[in-house]
Amino acid sequence: IPVSYFPLGEIHGKNHLLKVTILTMFLLLMQTDFTEQEICIVLDAALCHDLGRMNTGNHAEHALQSVEKYRQALCNEAKREVETIILMHDKTRSEITKNIENIKFKRMIETVQDADALDYIRFGADKFNREKLRHPKAQLLLHLAMELNVVTFAYHQSPMEYIYRKIRTYE
């Protein structure tokens with residue numbers, strides 16, 4: 001995705017999309033039954049879930065606008081599954097159950113929702129709601145979500161650079 005497609009600002013900008021993608025990857029690795037293709041689909045959706053987001057409060061139509069930006073960025077390579085996850089990432093459990101029959105695909109959507117909810121910690125622990133997490137393993141990533149936010153806001157580092165450096169220390 002070209003950088004020009006990422007929303008500006010700290011709330012839903014590039015760092016938010018990168019943190020959600022990182023958290024999504026960890027959640028996918030904790031659930032061992034996803035194929036490589038499914039992992040790629042979910043990661044693409046995580047990276048693009050807020051492309052249409054404005055940084056002015058609750059932006060109700062942002063999921064649809066995110067799909068439009070995703071299509072523009074990828075032209076003919078856009079995938080229907082990615083679009084569906086983006087469209088559904090801000091829906092309630094009952095809306096997802098009503099519209100999606102495939103249980104594994106529901107879990108793919110919920111994985112992005114959990115990663116997005118985990119990054120909500122950026123607004124402070126008092127505003128974070130554990131009940132928004134759908135998968136029990138998402139609870140295990142709360143400390144990582146906090147760590148990524150400290151790195152991003154206090155030290156002005158890219159969350160991707162931070163994870164890369166962290167991984168390199170284990171080699």
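Basis for what follows: all heavy atoms, side chains included, without hydrogens, waters or symmetry-related copies.
- A salt bridge links Lys104 to Glu38: at least one charged side-chain nitrogen sits closer than 4.0 Å to a carboxylate oxygen.
- Look at Lys137 and Asp114 and you find no salt bridge, because none of the NZ, NE, NH1 or NH2 atoms lies under 4.0 Å from a carboxylate O.
- A donor-acceptor contact under 3.5 angstrom links the side chains of Glu95 and Thr92, judged on distance only.
- Scanning both residues, Val112 and Thr24, for their nearest heavy atoms gives CA-OG1, 4.2 Å.
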Q) Yes or no on salt bridge (charged side-chain N to carboxylate O under 4.0 Å, His left out) for Glu110 and Arg93, after CA distance, side-chain angles and deciding distance? A) CA-CA 9 Å; Glu110 290 173 351; Arg93 288 182 180 127; 5.2 Å; no
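- Among pairs with a residue in residues 68-89, those fulfilling ring-ring contact (aromatic ring centres under 6.0 Å, His included) read His49-His89, His62-His89, at least two apart in sequence or across chains.
- A donor-acceptor pair under 3.5 Å links the side-chain atoms of Arg134 to the main chain of Lys132, judged by distance alone.
- Screening Leu29, Ile39, Leu27 against Phe34 for a side chain to side chain contact (heavy atoms under 4.5 Å, CB included) leaves a single residue, Ile39.
- Ion pairing of Glu83 with Arg80 is absent here, as no side-chain N (NZ or NE/NH1/NH2) approaches a carboxylate O to less than 4.0 Å.
- Glu131 pairs by the side chain to side chain contact (heavy atoms under 4.5 Å, CB included) definition with Asn129, not counting sequence neighbours.
- Between the side chain of Arg122 and the backbone N or O of Asp119 there is at least one donor-acceptor pair closer than 3.5 Å.
- Using a 4.5 Å heavy-atom threshold, the side chains of Phe26 and Leu140 count as separate.
- Heavy-atom contacts from other residues, nucleotides or ligands closer than 6.0 Å to CE of Met160 number 12 or fewer.
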